[in-house]
2 protein chains.
Amino acid sequence: MNPLLQHIRKFIPLDDREAKTVLSYFETESFKKKQIMLEEGHICNKQYFITKGCVRFYINNSKGVEQTLQFGIENWWIADYLSFQEQIPSHFYIQAIEAIEALSIDRKSFEALLLELPKLERYFRLIIQKSFGASQTRIKYLFTMSAEERYHHMNSRFPEFIQRVPQYMLASYLDFSPEFLSKIRAGKV
Amino acid sequence: MNPLLQHIRKFIPLDDREAKTVLSYFETESFKKKQIMLEEGHICNKQYFITKGCVRFYINNSKGVEQTLQFGIENWWIADYLSFQEQIPSHFYIQAIEAIEALSIDRKSFEALLLELPKLERYFRLIIQKSFGASQTRIKYLFTMSAEERYHHMNSRFPEFIQRVPQYMLASYLDFSPEFLSKIRAGKV
DNA sequence: GAAAAAACTTGAAGTACTTCAAGAAAAACA
DNA sequence: TGTTTTTCTTGAAGTACTTCAAGTTTTTTC
């Protein structure tokens, strides 16, 4: 079954006719490795549901260094919701770390879909609620753990990321320098 | 008009009968200054819409120091949504910084309300979407600004908080020590 | 399969903060 | 109003990281 439908059905029931309706609003898109999916200063026109590959959500700091705020893999939604919702320029970049396949929906289609199938409001509420919870937990970890603790914690809770993502991106996600990560790994801290 | 209804109507239309229905699900609660509204390890049973006063959402770190993750004032929702939704123990505290008046709704009533008035799913989706956006922006600032920059930024964007909140809570919200904030203010950095 | 590009490692020097301790000021309380 | 509690300030010493620069390894590309 389609992974998006599968995902939705974890949160709300959906009969076959509704399922068909849902899919009719989405398009399939591919992105090459390293391709930029959203650029700072642009409006986030689409929400993506990733069916294959790994992306990162990042910023370009004042020194021109890229810092990762979030990763996304299969069965995750990724978008700058604020920019998408309010149609205002985004502060963020989204980039394909691996070759990506995704289902995409633009603002107009999204509103039309919600109008036709209002029960999806609940699905999206629950999704975003989870993301918000994750974001708060992340801030908690940034506040309470040392750099080394954050690395080990990530390592034990999300080993799949450690494999899939370059170390320098991981370092920026954990909010320390790539050199320091290298030293942690070598046990030289 | 009731501040909650006013708030909801910024996002979705609501006729008088619906408005009455909404209010019938809520209770009015008061909390004294310093009273704990949610304790770590407990399930967050209620969502609060604050009509008067100021609260903080915080954790107790491994050294027993309290670190503020969020503030809330009039017309803000406050809850550990994850704990509320999944009925799992919270990692967070919520405490009244000033005397609080709030509208509260428990899990059961919340689900019943959404069942009776499904259009509210949209309202809550939009609310949480905004909170999530704010949380991401917050992480961005933590990553890109120095301690001093974060203070000045907060000072210029949210001067009302600087007035209402003890400095040591502000310092922990900005992720540095109260002593350091004192030095920033004195220009001794 | 060679060349180019990207990612990782290492050590030395520097710095933006933290921690501690003690006193002063402000706010709350009885 | 005086007393207690809470909050804020100050300086000195310490530290968890960063930055830089150069070399090495791994991955990608044609």
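Lettering follows sequence order; numbering is per chain, from 1. All values below were derived from every heavy atom in this structure, side-chain atoms included, with hydrogens, water molecules and symmetry-related copies excluded. Keep in mind it's a predicted model, so treat the numbers as computed, not measured.
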**OP:** Assign the ring pair B:Trp77 / B:Phe26 to parallel, tilted or perpendicular, where the plane angle (0 to 90°) is split at 30° and 60°.
**Re:** tilted
**OP:** Select base, sugar-phosphate, or nothing to describe what B:Phe180 touches, counting heavy atoms under 4.0 Å on all strands.
**Re:** base
Subject >> For B:Ile128, the option from A:Leu126, A:Ile127, A:Ile128 that meets side chain to side chain contact (heavy atoms under 4.5 Å, CB included) >> reply: A:Ile128
Original post:
If you check every side-chain atom of B:Ser177, which of C:dT18, C:dA7, C:dT9 has the closest atom?
Top reply: C:dT18
Subject >> Rounded interatomic separation in angstrom, taking CD from A:Glu98 and P from D:dT27 >> reply: 14 Å
Original post:
Within this structure, what is the CD-to-P distance between B:Gln163 and C:dA26, rounded to whole angstrom?
Top reply: 15 Å
Original post:
Within less than 4.0 Å of OP1 or OP2 of C:dA28, is there a side-chain N or O belonging to B:Lys33?
Top reply: yes
**OP:** Give the ring-plane orientation class for B:Tyr81 versus A:Phe132, where under 30° counts as parallel, over 60° as perpendicular and anything between as tilted.
**Re:** tilted
Subject >> Proximity to the side chain of B:Phe176 - top-ranked nucleotide from C:dT18, C:dC8, C:dA6 >> reply: C:dT18
**OP:** Grab the NZ-C1' distance between A:Lys34 and D:dT29 for me, whole Å please.
**Re:** 11 Å
**OP:** Check whether any side-chain N or O of A:Gln167 sits under 4.0 Å from OP1 or OP2 of C:dA6, and answer yes or no.
**Re:** no
Subject >> Residue B:Glu179, side-chain atoms from C-beta onward, closest of D:dC8, D:dT9, C:dA6 >> reply: D:dT9
Original post:
Expressed in angstrom and rounded to an integer, what is the separation of B:Leu181 atom CG from D:dT10 atom C1'?
Top reply: 14 Å
Original post:
Whole Å only: how far is the NZ atom of B:Lys183 from the P atom of C:dC17?
Top reply: 12 Å
Subject >> Whole-Å distance separating the CD atom of B:Glu66 from the C1' atom of D:dT7 >> reply: 14 Å
**OP:** Return the value, rounded to whole Å, for the distance between atom NZ of B:Lys32 and atom P of C:dA28.
**Re:** 16 Å
**OP:** Could you check how far CD1 of A:Ile184 sits from P of C:dT10, rounded to whole Å?
**Re:** 13 Å
Original post:
Nearest to the side chain of A:Ser182, which nucleotide is it out of C:dC8, D:dT7, C:dT9?
Top reply: C:dT9
Original post:
How are the rings of B:His7 and B:Phe49 set to each other: parallel, tilted or perpendicular (split at 30° and 60°)?
Top reply: tilted
Subject >> Donor-acceptor side-chain pairing of B:Asn60 and B:Glu66 below 3.5 angstrom >> reply: no
